Amino acid sequence: MSRYDPAVIEPRWQEAWDKAGAFTAKADATKPKYYVLEMFPYPSGRIHMGHVRNYTMGDVVARTKLAQGYAVLHPMGWDAFGMPAENAAMERGGHPKDWTYGNIADMKAQMKPLGLSIDWSRELATCDPEYYGQQQAMFIDMMEAGLVYRKAAVVNWDPVDMTVLANEQVIDGKGWRSGAAVERRELTQWFFKISDYSEELLSALDGLTNWPEKVRLMQANWIGKSRGLQFAFDMVGAPAGFDRLEVYTTRPDTLMGASFAAISADHPLAKALEGNPDVAAFVAECRKGGTSAEEIETAEKIGYDTGIRVKHPLDPNWELPVWIANFILMDYGTGAIFGCPAHDQRDFDFATKYRLPIKPVFSADGSDAPLDEAFVPMKSEKVHYIRGFAGEAVQTGDDGVATAIAHAETNGYGKGVTKFRLRDWGVSRQRYWGCPIPVIHCATCGVVPEDKKNLPIELPYDVSFDIPGNPLDRHPTWRDCTCPKCGAKARRETDTMDTFVDSSWYYARFTAPRSTTPTVMEDANYWMNVDQYIGGVEHAILHLLYSRFFARAMHKTGHLPQKAIEPFNALFTQGMVTHEIYKTTDDQGRPVYHLPEDVTVFNVADRRIVVRGNEPPPIDMIDDVDAFIRALADEGLLVEVIPSAKMSKSKKNVVDPMNIIASFGADTARWFVMSDSPPERDVEWTASGAEAAFKHLSRVWALCSRIGEMPADHKGEGDQDLAKATARAIDEVTKGIEGFAFNKAIASLYAFTNTIAKANASTGPMKEAIRTLAKLMSPMTPHIAESIWTYQGGAGLCAQAPWPKADPALLIDDTVTLPIQINGKRRAEISVPKDMPVAEVEKLALADEDVVRFLAGQPVKKIIVVPGRIINVVV
RNA sequence: GCCCGCGUGGUGGAACGGUAGACACAGGGGACUUAAAAUCCCUCGGCUGCAAGGCUAUGCCGGUUCAAAUCCGGCCGCGGGCACCA
């Protein structure tokens, strides 16, 4: 066997797999199916290490399941609509379509050398009319099913560019291009009625037992079910038609601590008061800045006293002022609240600022002392009500709320209401590079869905990006059309869909990617659901929640079977790939970042030093390390190392996977991203780690050569030990892969490799062991595994060979070593037969000479024996 | 501001509530070599001890338990999300 040369073997095996059609998904009634999917990429043009990690994880699962006898579906596609394509067109000219398809070709060319077991015949791109035409058909179906409507909603408005901005394009409250102060402006927009499914999307989370607990929690909090009291204040001094002010509160037990009422700047009452120039100015002030919750909630809290008063529901003589406040959201509840500063920090800050009363309703011990900050214990905690009006004086917050609601209902001033924080999904985007909303505006018929036979409504190619705004708006021949209902001249909707719509059903499309309907029931029935979905935790809420909603909508409109309404049986959220950042400073003190390949890292006397360039300075004969470092700094060579962060172009802490593949091969890149770090955690890319991975693969290669050259009749003593080690490796690697503990699987493979290298066994068992090693490595490093497999006489392709099974008899040891603790500290250990009864183990433990010495005659109070685990003696 | 997560040697990490540091990287020492690279062997949390060993140690403080990195409460630090980034 020659030298390990990935550049030679990797293309050869990739070709062999292609030729064998090894990864083409084929429905097979005789096999169980397995659908593994990684979140599809946005075609930025370059793959990065995060992609390599994500797709390698999916590939490990897919290859293992294939070996275990499943019919595997492992597809790949492109989340191809979105802003970057338009930005590229604006910055560099060119067309979003050309840019996108060029990027897809580039990225595919970079993914191919990784040797992923992808069925490329199912490839799809969301920007392809074949895909988005079906999405338009479903939009129309959803309109007919009552899941789509229009309403006014606020957007970020750039008053200089006269264009809508994405939250990302609002920086410090200003438009990213114009620099103008952004305003919130209302626009009529299209919405999906995801709120129809609030309760169901929440309760169904309980069934997602193979999802990370944290993702389910985040989704539950996002949906935000709450039980509270809705009631109306009688108003004094309000404009005509505003007799009562509806408010919703989740803490009705704090009603006696009310010190003011506050309404959103978007509240109808605020609008009615805008005749007053002071109010108008204040409301305008509130509308400054972007629409994001982060911006609104971190903005300084400001308020305006309207002069209107409301009467407290429990005391008609008690009046509270009505304020307009910038931190009240119109989207949640009724857009109006009562403020209880004693038990809500935000209200506390507001009350302090505007000198409003702060009256505690309850306290920990029943005292009525003034507060320095809001007292907000958990609702499950018991508190002393000083100003309670319902239920016990000492009760939990939960009970306080329940009795307050009951009190309100009995006395007729309010009622218990369940509300959700989840808002309907606004899908309108005033942008070109997205799926056109298939709707027509007709002067006589109103808003009419396009006739399905006219689908797809394709994006026109002849558009320009030289002026801001949506090019579709100023494209007359595309925009002008005829009404499908009455045939009169009409206008096409120029909004396109949120790209989250595209990614909310691609998993279903993969089951029949070329069909002329969105899905084909037979295929969806066979392949759905996705058995294992893998992607970044940053998608924990929006993408996954939208997909769960969309699957339900697709079921309602006949595009998915009932069983697919929860499309992802198991979810795994992987961590990011990070790298340390190398920084120097230029003459003006501005930071300059350096690519990892443009610096040199070395050690001098236990000090890790990084310098610019590819050559380390001469380091022999250094006796004063500090002086040496100072000298480097004076020459401007010394590089500052900033701790690892997510790889990003702006910080230049990126490693191009293509460079790694070019120097070490795909197997090394794959092995490294799967080793060391647990997959859910961030992994730091280190050059030394990649080299170590390559070294290890070379060692395995050399070991394979050595075994191949063993004389056929060699006999060794260690056959049984090797058989046991093999069984253990099979067991541990299988469990590691199935439990998404790839790092542990790889640790077992290191140990197994070391065992084989040191083993003194006969030739046959040695060959058997290394073939098993190759098969166990093959999900991670498929190419080298094929070479070893073939060299050692394995039948057919390693990729298609069955997964090995561990002989259970070989996994059990006859004797176990039990540590003995005295008062919880490990003091000794004994070796006992694995089935020894507890009483005998106790006797043996107490007779142990170390134990006797430590006990020094003290009486034993208690002895705890955890069979097969540990013994603890308590004195 | 709100929601969620994470924190273990010089580094990445391992550890059904049960021997903290598996497996690696880096470092140190040695073998081979004219030399270097490669390879192989030994060592490797800290303090202490000739040694056997002892003490100490999982961000910080407190609690539950025979036993806590793990469970509970509080704090600190870092990261993700916050509805028009994908």
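Just so it is clear, the model here is predicted, and its values are computed rather than measured. Numbers restart at 1 for each chain; the letters A, B, ... are given by sequence-line order, proteins then strands. These numbers come from the heavy atoms of this one structure, side chains and all, not from hydrogens, waters or symmetry mates.
Using N1 to N3 plus N6-O4 or O6-N4 for Watson-Crick, or N1-O2 and O6-N3 for G-U wobble, each under 3.5 Å, B:rC44 pairs with nothing. Nucleotide B:rA51 forms no Watson-Crick or G-U wobble pair with any nucleotide shown, as no partner meets the under 3.5 Å limit on both distances. For B:rC6, the paired nucleotide is B:rG77, the pair qualifying as Watson-Crick or G-U wobble because both relevant distances are below 3.5 Å. Base-pair partner of B:rA15: not found among the strands shown (Watson-Crick or G-U wobble, both distances under 3.5 Å). Using Watson-Crick or G-U wobble geometry with both donor-acceptor distances under 3.5 Å, B:rA57 finds no partner in any strand shown. The partner of B:rA35, taking Watson-Crick or G-U wobble pairs whose two distances both stay under 3.5 Å, does not exist in any strand shown. Checking B:rG1 for Watson-Crick or G-U wobble geometry (two distances, each under 3.5 Å) identifies B:rC82 as its partner. The partner of B:rA69, taking Watson-Crick or G-U wobble pairs whose two distances both stay under 3.5 Å, does not exist in any strand shown.
Nucleotides B:rA69 and B:rG30 have their P atoms positioned 38 Å apart, rounded to a whole Å. Across the P atoms, B:rC78 and B:rG28 are found 33 Å apart, a figure rounded to whole Å. For the C1' atoms, the distance linking B:rC72 with B:rA24 amounts to 35 Å, nearest Å.
Side-chain proximity of A:Phe854 to the nucleotides B:rA14, B:rG54, B:rG18 is greatest for B:rG54. The nucleotide whose nearest atom lies closest to any side-chain atom of A:Glu294 is, among B:rU39, B:rG80, B:rC82, B:rC82. When distances are taken from the side chain of A:Pro678 to each of B:rA14, B:rC2, B:rA20, the shortest belongs to B:rA14. When distances run from any side-chain atom of A:Lys758 to the nucleotides B:rA20, B:rC84, B:rC41, the shortest one goes to B:rC41. Taking every side-chain heavy atom of A:Ile864 into account, B:rG18 is the closest of B:rC84, B:rG18, B:rA83. Across B:rC85, B:rC25, B:rC84, the shortest atom-to-atom separation from the side chain of A:Met83 is found for B:rC85. Here B:rC84 is the nucleotide among B:rC2, B:rA26, B:rC84 with the atom lying nearest to any side-chain atom of A:Arg431.
Nucleotide B:rG9 is shown with a syn base, its glycosidic torsion being within 90° of 0.
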Verdict with supporting geometry, A:Lys353 and A:Asp349, salt bridge (charged side-chain N to carboxylate O under 4.0 Å, His left out): CA-CA 6 Å; A:Lys353 178 168 180 178; A:Asp349 297 340; over 6 Å; no
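Between A:Thr499 and B:rA86 there is a side-chain N or O to OP1 or OP2 distance below 4.0 Å. Distances shorter than 4.0 Å separate none of the side-chain N or O atoms of A:Asn87 from OP1 or OP2 on B:rC85. Taking 4.0 angstrom as the limit, A:Ser677 places a side-chain polar atom (N or O) nearer than this to OP1 or OP2 of B:rG13.
Between A:Trp505 and A:Tyr131, the ring centre distance stays below 6.0 Å. Aromatic ring centroids of A:Phe40 and A:Tyr506 lie under 6.0 Å apart. For A:Tyr507 and A:Tyr533, the gap between ring centers reaches or exceeds 6.0 Å.
A donor-acceptor contact under 3.5 angstrom links the side chains of A:Ser195 and A:Asp424, judged on distance only.
If A:Thr291 and A:Asn823 are placed on RNA chain B by their nearest nucleotide, the residue sitting closer to the 5' end is A:Asn823. In terms of position on RNA chain B, the residue among A:Ala751 and A:Gln345 whose nearest nucleotide sits closer to the 5' end is A:Gln345.
Summarising the geometry, the separation between CG on A:Leu329 and C1' on B:rC82 is reported as 11 Å, rounded to the nearest angstrom. Atom CH2 in A:Trp671 sits about 12 Å away from atom P in B:rC25, given to the nearest Å. Counting to the nearest Å, the P atom of B:rA52 and the CD atom of A:Glu849 are 16 Å from each other. Remark: P of B:rA24 and NZ of A:Lys744 are 16 Å apart, rounded to the nearest angstrom. In this structure, A:Leu818 places its CG atom 20 Å from P of B:rA67, rounding to the nearest Å. Note: CG (A:Asn743) to P (B:rA22) measures 14 Å, nearest angstrom.
Judged by the 6.0 Å distance and 45° axis criteria, A:Arg216 is not positioned over the aromatic ring of A:Trp211. Because its NZ or CZ atom is both nearer than 6.0 Å to the ring centre of A:Phe191 and within 45° of the ring axis, A:Lys151 counts as a cation-pi partner of that residue.
Other residues, nucleotides and ligands place more than 12 heavy atoms under 6.0 Å from the CD atom of A:Gln858. Heavy atoms from other residues, nucleotides or ligands lying under 6.0 Å from NZ of A:Lys382 number 12 at most. Annotation for A:Glu91: atom CD counts as buried by contact number, over 12 foreign heavy atoms lying within 6.0 Å.
Heavy atoms of A:Val170 sit nowhere under 4.0 angstrom from any nucleic acid atom. Note on A:Lys301: nothing from the nucleic acid sits closer than 4.0 angstrom, heavy atoms only. Nucleic acid contact class of A:Gly426 (heavy atoms, under 4.0 Å, all strands): sugar-phosphate only.
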Contact state string [nucleotides 3-9 of chain B, B base, S sugar-phosphate only, - no protein heavy atom under 4.0 Å]: SSS-S--
